[in-house]
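A quick write-up on the structure given underneath.
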Amino acid sequence: MWNSPAEFFAMGGYALYVWCSFGVCALVFFLEPLAVHARHKAIVRRLQREVMAEQFDQKGSK
């Protein structure tokens, strides 16, 4: 129970820990989808190169 907004933001003396924890979580929630998207694009590019190389090898052996 907080009597004022200042007491809420102070978090009973644990404000630094609490707000840094929230900040780190928010940063991870923001960065994780970006990292997943980048990995997905890299995998798709690698698979496309492998398919192209396989097609090139098949045309060269005919």
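Along the sequence shown, residues are numbered consecutively beginning with 1. From a predicted model like this one, the values you see are computed outputs, not experimental measurements.
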* Should Val51 and Leu47 count as side-chain neighbours, where that means a heavy-atom distance under 4.5 Å? -> no
* Check whether any side-chain heavy atom of Arg49 lies under 4.5 Å from a side-chain heavy atom of Arg46, and answer yes or no. => yes
* Structure fact -> To the nearest 0.5 Å, atom NE2 of His40 lies from atom NE2 of His37 at 8.5 Å
* Min side-chain heavy-atom separation Glu50-Glu54 under 4.5 Å -> no
* Given the rule that I, L, V, M, F, W and Y join up when any side-chain heavy atoms are under 4.5 Å apart, are Tyr14 and Val24 in one cluster? -> no
* To do: Would you kindly confirm whether Val36 and Val44 end up in one hydrophobic cluster when ILVMFWY residues are joined by side chain heavy atoms under 4.5 Å apart?
  => no
* Asked: So, the side chain of Glu32 versus the backbone of Val28: is there a donor-acceptor pair under 3.5 Å, distance only?
  -> no
* Check for a donor-acceptor pair, side chain of Trp19 on one end and backbone N or O of Phe9 on the other, with a separation under 3.5 Å. => yes
